[in-house]
Amino acid sequence: MSTVYEYITKAQTNNRHLFFLLIDPGDAETNAVSDLVAAATENGVDGFLVGGSLVTREKVAESVQLVKKSTDRPVVLFPGAAQHVVPEADAILFLSLLSGRNPDYLIGQHIQAAPVIRDYDLEAIPTAYLLVESGGMTSVEFISATRPLPRNNMDIAVAHALAARYLGMKLVYLEAGSGARMPVPDEMIEAVAQQCHLPLIVGGGLTGVREAAAKARAGATVVVAGNHFEQKRALKELRDFADSIHAVGH
Ligand code: 1GP
């Protein structure tokens, strides 16, 4: 069986783009999550991230089990803290908040999580998590007590992504923050994709099909949306999001 990382790099190599849905265990009712995940799977979503900042371990465990039950696509932990590591996921984004200078989110939480990841035999994907200024204070910024990268300075973003690569990280997540007012700029995605060559995940504040496709066109291998699809009326847009992201590069 191939790993989740192979699934992502294979897409990157073939110039294909993937659409992942973020499930925040703090937000949703059990039935709503099952329905959303089933609808997403039917409509072409390629994978799921499960995580959030203000959630309990129990909620994460419950959500991962629920999502796993409702889909055959990869289910990947997107942890806000070490206690969010649970065994049932297919992989974990082993995130280091490289845009910040808070040692706890650069390496501290990781020390607590590592033995647990080993014991659960989870696939850990070393990921540089780069928070990008998005027009307002986001939960990640507040909780991590770090400053985001300036959105208009490509050199700073590229330097962080290159540092991630030279440190041996395997993925870069350009994050505007959940519910962000402005998503990560296309220009920044292009600059990082062209100079760093690691697969990119891009998310935060994506509410429109065209905007989501633009992120793929700019160089995101994986485009992530969460908040938008927590509204029932957005469900009918799932197919459009998936199709327009998949259409990029073809
Ligand atoms: C947040 O990138 C994800 O970590 C998705 O953000 O909920 O705003 O889509 P949204």
Side-chain angles (χ1 to χ4, degrees), residues 8 17-28 32-33 36-37 40 45-55 59-60 63-64 67 74-81 84 89 92-100 105 125 127-144 146 148-149 151 157 171-186 188-189 192 199-216 218-235 237-238 240-242 244-245:
I8 294 171
H17 303 269
L18 306 173
F19 175 36
F20 277 29
L21 201 64
L22 170 69
I23 305 293
D24 185 331
D27 291 344
V33 171
L36 173 60
V37 173
V45 167
D46 302 291
F48 296 85
L49 297 184
V50 181
S53 334
L54 295 172
V55 287
K59 272 275 179 194
V60 176
S63 288
V64 169
V67 177
V75 179
V76 181
L77 281 173
F78 178 52
H84 296 164
I92 178 168
L93 294 184
F94 200 53
L95 303 168
S96 181
L97 182 55
L98 221 64
S99 53
Y105 290 96
I125 307 176
T127 304
Y129 192 49
L130 303 182
L131 183 62
V132 178
E133 193 192 337
S134 60
M137 171 80 81
T138 59
S139 306
V140 186
E141 180 179 351
F142 185 81
I143 289 172
S144 67
T146 64
L149 301 180
R151 61 185 288 112
L171 262 186
V172 173
Y173 194 135
L174 289 173
E175 169 73 283
S178 197
R181 266 187 232 155
M182 295 184 284
V184 175
D186 296 352
M188 184 179 284
I189 301 167
V192 170
L200 294 183
I201 304 186
V202 175
L206 294 175
T207 56
V209 173
R210 269 199 236 154
E211 213 177 27
K215 303 308 160 196
T221 299
V222 181
V223 177
V224 180
N227 254 340
H228 182 63
F229 291 101
E230 282 172 17
Q231 314 160 54
K232 265 222 160 84
R233 63 189 161 79
L235 288 186
E237 295 170 29
L238 278 166
D240 279 353
F241 265 70
S244 53
I245 290 166

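Counting starts at 1 for both ligands and their atoms, in listed order. The structure displayed is predicted, hence computed values, not measured ones.
Aromatic ring orientation, Phe78 versus Tyr173: parallel (interplanar angle below 30°, classes split at 30° and 60°).
Geometrically, ligand 1 and Gly205 share a nitrogen or oxygen pair separated by less than 3.5 Å. Polar contact check, Leu22 against ligand 1: no nitrogen or oxygen pair lies under 3.5 Å apart. Ligand 1 has an N or O atom lying under 3.5 Å from an N or O atom of Gly226, backbone or side chain.
Of all heavy-atom pairs spanning Pro25 and Gly52, the tightest one is CD-N, 4.2 Å. Nearest heavy-atom pair across Gly205 and Glu211 is O-OE1, 4.0 Å. Minimum interatomic distance between Phe19 and Val45 (heavy atoms only, all atoms of both residues): O-CG1, 3.4 Å. Taking both residues in full, the closest heavy atoms of Phe48 and Val37 are given as CZ-CG1, 3.6 Å, listed atom of the first, atom of the second, then distance. Residue Val50 comes nearest to Val60 through the heavy atom pair CG1-O, 4.5 Å, listed as atom of the first residue, atom of the second, then distance. The minimum heavy-atom distance linking Asp46 with Pro74 is given by the pair O-CD, 3.3 Å.
Here Phe20 has no heavy atoms under 4.0 Å from ligand 1, in either its backbone or its side chain.
With ligand atoms numbered from 1 in the order given, ligand 1 contributes 9 (O) to contacts under 4.0 Å with heavy atoms of Ala225. The ligand atoms of ligand 1 that sit less than 4.0 angstrom from a heavy atom of Phe78 are 4 (O). Below 4.0 Å from some heavy atom of Gly179 lie the following atoms of ligand 1, by number and element: 7 (O), 8 (O), 10 (P). Each of the atoms 2 (O) of ligand 1 lies under 4.0 Å from some heavy atom of Gly203.
The side-chain contact (heavy atoms from CB on, under 4.5 Å) with Leu49 is formed by just one residue from the set Leu22, Asp24, Val222; it is Leu22.
Look at Tyr173 and you'll find a heavy atom under 4.0 Å from some atom of ligand 1. No heavy atom of His228 sits closer than 4.0 Å to any atom of ligand 1.
For atom 5 (C) of ligand 1, the nearest protein heavy atom (residue, atom name, distance) is Gly204 N, 3.6 Å. Here the protein heavy atom with the shortest distance to atom 1 (C) of ligand 1 is Glu175 OE2, 3.2 Å. Of all protein heavy atoms, the one lying nearest to atom 7 (O) of ligand 1 is Ser178 OG, 2.6 Å.
In this structure a side-chain-to-backbone donor-acceptor pair under 3.5 Å is missing from Glu133 to Pro148.
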